[in-house]
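In the text below, chain A, chain B and the rest are named by the order of the sequence lines, each starting its count at 1. If you're wondering where the values come from, they're calculated on a predicted model, not measured in any experiment.
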Amino acid sequence: MSKSVAITGMGIISAIGNNVEENYLSLINGKKGISKISKIDTIHKDCIMVGEIAYTNADLEKSLDLPADHNYSRSSLLGAFAAKQAVENAGITNMAKYRSGLISASTVGGMDMTEKYFYDYIENPTNRKYIDGHHLGDGTQKIAKLLGIEESFVSTISTACSSAANAIIIGSRLIKSGKLDRVVVGGTDCLSKFTINGFKTLMILSDTYNTPFDDARKGLNLGEAAAYLVLESDEIVKAENRKVLAYVKGYGNTNDAFHQTASSENGDGATAAMEKTLRVANLAPKDVDYINAHGTATPNNDLSEGRAIIRVFGEEVPPFSSTKAYTGHTLAAAGGVEAIYAVLALQNNVIFPNLNFKNKMKEFSITPETSLIKKELNTVLSNSLGFGGNCTSVLFSKKP
Amino acid sequence: MKKVFINSIGAITSQKTFDNSEFLNEIVNYSTTNISVVNPNYKAYLDAGSARRMAKGIKMGVVASKVALEEAGLESVDAVITGSGMGCVIESERFVAKIIDNNEEFLTPTSFIQSTHNTVGGQIALGIQCKGYNFTYVHSSSSFETALLDAQLQLELDEATNILVGGVDELGPHMIKVHGLIDHIKQEQTIDNLNILSSKTVGAVFSEGASFIVLSNAKQESTYAELIDVAIYNTLGLTRVETKLYEFLKQNNYTVNDIDAVVLGNNGDVNFDEYFNKLSEGVFANTQQVVYKHLIGEYKTASAFGVWLGAKMLKTQQMPDCIKLNDKAPSALNTILIYNQYRGDNHTFVMLRKC
Amino acid sequence: MSELKEELKTKIIEQLNLEDVTVAEIADDEVLFGDGLGLDSIDALELIVMLDKDYGIKLTDPKDGKKIFESVNTMAAFIEANRA
């Protein structure tokens with residue numbers, strides 16, 4: 001049993017950088033990674049903007065030193081790239097020394113290859129190696145192998161846009177219960193025609209830069225990313241004299257139970273998730289120094305989440321911002337990406353600006369932070385809300 | 001730490017299993033390498049309004065969970081934890097095909113929203129208005145067991161009282177086609193399912209199903225069994241299965257002799273059944289062995305039915321002939337071990353005890 | 001116009017998978033969303049695609065659907081006025 005859950009390593013690749021440092025520099029310099037799509041040939045290319053990662057699959061394959069006959073999907077390539085970084089960042093050289101597991105999140109999995117070779121598989125044997133890479137667990141197995149996690153607890157979570165945040169929750173619970181000493185947690189999703197067209201049918205894709213919490217918001221930009229954190233027990237931290245980046249202090253997972261895709265008008269699920277998180281962390285609303293909101297810039301999410309924040313924090317809503325304007329909505333990876341941003345906020349005592357915000361929403365008076373703010377931070381709350389009513393909050397802190 | 005009980009079951013499989021008053025009384029034999037479920041009358045459980053936007057996997061999951069809830073005498077639960085190795089593949093395939101066939105034009109959202117992996121868990125929660133914890137694990141053949149382990153952790157620590165745990169997977173036409181191309185599905189034109197375990201050929205018979213249980217830390221009239229423990233391993237070499245089995249038993253203060261029956265996930269794939277054979281010809285050679293995939297086929301959460309069988313045997317103290325791999329006639333059924341893996345990966349042990 | 005209305009009713013039933021509803025049961029002025037036929041925001045998106053595909057009318061803002069899809073009457077009137 002471990003009393004606290006320490007974050008000892010982080011790795012990320014997103015539209016604003018190929019590692020933690022690059023992501024941080026983009027965040028503090030207000031540099032967004034949103035552009036026209038270049039790597040996928042879609043008829044929607046002129047009416048959507050995305051958060052695309054610069055590296056091609058070939059770049060990633062090279063970096064990972066994969067054999068020519070590998071069958072990694074792009075999500076798996078991104079995931080392996082970021083997870084390796086996280087493990088290196090933690091300074092882990094012998095994975096097997098402690099009971100180590102991996103919980104990875106994804107919604108796309110091998111869909112990029114499936115949609116590419118859907119009919120081709122039947123006619124032509126060349127690309128059939130990707131068939132078994134379709135299911136979401138396949139990428140996780142690959143990442144585990146690369147990290148040297150064997151004969152252990154490895155799993156995959158898919159709860160839409162809250163997936164990686166849920167990976168952090170179960171990873172934390174496994175450490176607290178003593179089932180594992182170390183868990184690599186996070187998520188990965190690449191862009192695909194499947195998600196582009198899926199979100200297009202819901203008419204929630206913006207044709208320009210997304211504008212979280214703005215009254216004139218038009219919808220989200222999809223993004224791709226992979227982000228992983230290394231969680232370790234008190235015992236490892238002590239034995240290995242680890243530098244702790246931050247702690248997972250609290251978490252809450254609830255279901256809105258309102259609609260297949262939409263969030264309830266008053267954000268019942270999100271409210272309950274934040275309240276649960278504070279209870280687990282044994283903190284009061286006033287103890288939260290910054291909220292990294294889900295803030296996808298869809299009309300529905302931002303209204304529902306904003307109302308939920310007001311319900312939890314009342315008159316004294318802490319500074320909040322959404323970083324989706326930088327990265328786009330990276331779906332299953334979002335909770336991991338934003339967990340890393342929360343830790344960076346704590347480490348550097350900064351609040352990242354909510355880019356592109358101009359107009360206060362008419363339904364309430366709260367507005368996000370629009371410039372970089374230097375402020376002593378002890379706790380950061382991160383929200384991740386998704387289809388199927390899945391609502392998750394995680395609270396990160398400097399102190400255990 | 002609190003004890004954890006299986007208080008009810010509900011399963012839709014290729015056999016008639018949704019009626020809990022029966023125990024494999026009549027067996028359906030199949031002659032193809034991809035088999036569907038025996039459908040219950042979904043309309044008896046679902047109103048037309050909510051059923052109209054339910055993919056098959058959602059329907060199976062919702063109905064199996066309703067059967068389990070009803071038997072446990074519950075309207076709702078504290079948490080819903082679902083496992084699904086493939087997600088709702090039928091609607092996923094449909095959406096991909098439409099994207100390609102219509103060149104990304106005139107697409108509608110219904111297939112897309114039904115394709116997400118968490119849609120079954122979400123719809124169950126929506127139906128019973130469960131606003132609590134809701135997770136979906138999607139890790140191949142350990143998806144259901146991960147859900148089980150998650151629930152076990154919460155119940156032992158008394159963070160919840162009743163949790164709905166289940167596994168659901170569906171079979172889509174494209175999935176059948178392409179998995180046939182890579183020999184994951186057996187190549188035989190016709191087949192006698194009841195004899196596939198001795199087929200000596202590669203691949204499995206693909207199928208689908210949904211199996212839900214109510215797990216609780218309060219024992220009641222309807223209780224089937226106590227859940228002792230769950231173990232999950234992403235990889236295990238052939239020579240390591242026994243080692244890990246002994247470790248698992250030892251952790252729970254059991255020995256091989258305490259196991260009255262072992263439920264094995266043999267699916268008749270000559271390349272991968274050796275893992276099961278290792279146990280059935282080795283450490284469990286003198287133990288009663290039970291198999292089930294000749295009855296319900298193979299899918300990523302098929303082992304949820306293995307747990308269903310274990311629970312059912314412990315409660316009824318019966319063992320239908322159709323599931324016996326050998327005949328050791330155990331005098332009583334007190335402890336049952338369920339072991340599964342798929343294609344050599346994602347190995348799971350689940351141990352149940354009679355209440 | 002009445003032909004178009006019958007056609008719309010058939011399409012609504014088919015497209016939205018309203019298995020237990022017949023054309024005769026949908027009155028021209030029946031409210032389609034909320035209390036009436038019980039349609040929701042996803043159905044509205046389905047109907048927007050139907051307008052595009054079958055009648056060549058594009059809606060870019062889903063909010064516009066609210067007035068148009070009030071009833072079969074309003075839908076038919078909108079299509080008559082806007083179809084190519």
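- The pair B/Lys300-A/Asp138 does not meet the salt-bridge criterion, since no charged nitrogen lies less than 4.0 angstrom from a carboxylate oxygen.
- Of all non-hydrogen atoms in A/Tyr121 and B/Leu181, the two that sit nearest each other are O-CD1, 3.3 Å.
- Neither the backbone nor the side chain of A/Ala272 comes within less than 4.5 Å of any heavy atom in chain B.
- For chain A, the option among B/Gln123, B/Met175, B/Met86, B/His174 with the highest count of heavy-atom pairs below 4.5 Å is B/His174.
- When each of B/Asn346, B/Leu107, B/Val138, B/Asp345 is checked for heavy-atom pairs under 4.5 Å with chain A, B/Val138 comes out on top.
- The number of heavy-atom neighbours closer than 6.0 Å to CD of B/Glu75, taken from other residues, nucleotides and ligands shown, is 12 or below.
- In this structure, no portion of A/Ser192 lies under 4.5 Å from any heavy atom of chain B.
- Expressed to the nearest 0.5 Å, how far NE2 of A/His134 lies from OG of B/Ser92 amounts to 6.0 Å.
- The distance from the NZ atom of A/Lys179 to the CG atom of B/Leu149 is 5.0 Å, given to the nearest 0.5 Å.
- Checking side-chain atoms of B/Asn234 against main-chain N and O of A/Glu151 turns up a donor-acceptor pair under 3.5 Å.
- The contact between A/Phe258 and chain B is made entirely by backbone atoms, counting heavy-atom distances below 4.5 Å.
- For the pair A/Gln260 (side chain) and B/Thr119 (backbone), a donor-acceptor distance under 3.5 Å is absent.
- One distance of note links CZ of B/Phe135 with CG of A/Asn390; it measures 8.5 Å at 0.5 Å rounding.
- Counting non-hydrogen atoms of other residues, nucleotides and ligands closer than 6.0 Å to CG of A/Asn282 gives a total of 12 or fewer.
- The side chain to side chain contact (heavy atoms under 4.5 Å, CB included) test with B/Tyr137 singles out one residue from A/Leu136, A/Ile157, A/Thr156, and that residue is A/Ile157.
- Of the listed residues (B/Gly87, B/Ala97, B/Gly121), the one with the most heavy-atom contacts under 4.5 Å to chain A is B/Ala97.
- Of the listed residues A/Lys276, A/Glu150, A/Lys200, the one with more heavy-atom pairs under 4.5 angstrom with chain B than any other is A/Glu150.
- B/Thr136 has its side chain within reach of A/Thr159: a pair of non-hydrogen atoms, C-beta onward, lies under 4.5 Å apart.
- Summarising the geometry of B/Asn134 relative to A/Asn255, their closest heavy-atom pair is ND2-ND2, 3.3 Å, with the distance given to 0.1 Å.
- Smallest separation of non-hydrogen atoms from A/Ala257 and B/Ala125: CB-O, 3.8 Å.
- The backbone N or O of A/Asp256 sits less than 3.5 Å from a side-chain atom of B/Lys131, completing a donor-acceptor pair.
- More than 12 non-hydrogen atoms from other residues, nucleotides or ligands lie less than 6.0 angstrom from NZ of A/Lys39.
- Considering CD1 of A/Ile122 and NZ of B/Lys177, their distance stands at 4.5 Å, rounded to 0.5 Å.
- Annotation for A/Phe194 and B/Ile99: closest pair CA-CD1, 3.8 Å, computed over non-hydrogen atoms.
- Put simply, the side chain of A/Arg173 reaches to within 4.5 Å of the side chain of B/Glu159, judged on heavy atoms.
- Neither the backbone nor the side chain of B/Lys98 comes within contact range of chain A; no heavy atom of the residue lies under 4.5 Å from a heavy atom of that chain.
- Contact of A/Met203 with chain B is not made at all, since no heavy-atom distance falls under 4.5 Å.
- With a threshold of 4.5 angstrom between heavy atoms, B/His184 approaches chain A through side-chain atoms but not through N, CA, C or O.
- Remark: B/Gln187 CD is packed, more than 12 non-hydrogen atoms of other residues, nucleotides or ligands lying under 6.0 Å away.
- Of all the listed residues (A/Asp132, A/Ile103, A/Val154), the one sharing the greatest number of non-hydrogen pairs under 4.5 Å with chain B is A/Val154.
- Between A/Ile131 and B/His179, some side-chain heavy-atom pair lies under the 4.5 Å cut-off.
- Of the atoms belonging to B/Tyr233, heavy atoms from both backbone and side chain fall under 4.5 Å from chain A.
- Using a 4.5 Å cut-off between heavy atoms, B/Ile182 contacts chain A through its side chain alone, with no backbone atom that close.
- Of the listed residues (A/Thr107, A/Thr261, A/Ile170, A/Leu202), the one with the most heavy-atom contacts under 4.5 Å to chain B is A/Ile170.
- In this structure, the portions of B/Ile232 lying under 4.5 Å from any heavy atom of chain A include both its backbone and its side chain.
- Taken to the nearest 0.5 Å, the CD atom of B/Glu145 stands 10.0 Å off from the OG atom of A/Ser155.
- Residue contact with chain B, scored on non-hydrogen atoms closer than 4.5 Å, involves the backbone and the side chain of A/Ser152 alike.
- Counting heavy-atom pairs closer than 4.5 Å to chain A, the top residue among B/Thr110, B/Asp101, B/Val80 is B/Asp101.
- Between chain B and the residues A/Glu115, A/Met111, A/His44, the largest count of heavy-atom pairs under 4.5 Å involves A/His44.
- Only the side chain of A/Ile169 comes within less than 4.5 Å of a heavy atom in chain B; its backbone stays farther off.
- Taking B/Gln154, B/Gln114, B/Arg343 one by one and counting their heavy-atom pairs under 4.5 Å with chain A, the maximum is reached by B/Gln154.
- A heavy-atom distance below 4.5 Å is found between the side chains of A/Asn197 and B/Phe95.
- Contact count versus chain B (heavy atoms, under 4.5 Å) is highest, among A/Gln141, A/Lys193, A/His135, for A/Gln141.
- For the pair B/Thr235 and A/Lys145, the minimum side-chain heavy-atom distance is 4.5 Å or more.
- Residue B/Ser143: no heavy atom, backbone or side chain, is found under 4.5 Å from chain A.
- Once rounded to the nearest 0.5 Å, the distance linking SG of A/Cys391 with OH of B/Tyr133 reads 14.0 Å.
- B/Asn118 places a side-chain N or O within 3.5 Å of a backbone atom of A/Phe387 that can act as its donor or acceptor partner.
- The closest side-chain heavy-atom distance from B/Asn103 to A/Ile43 is below 4.5 Å.
- Contact count versus chain A (heavy atoms, under 4.5 Å) is highest, among B/Leu153, B/Thr82, B/Asp150, for B/Asp150.
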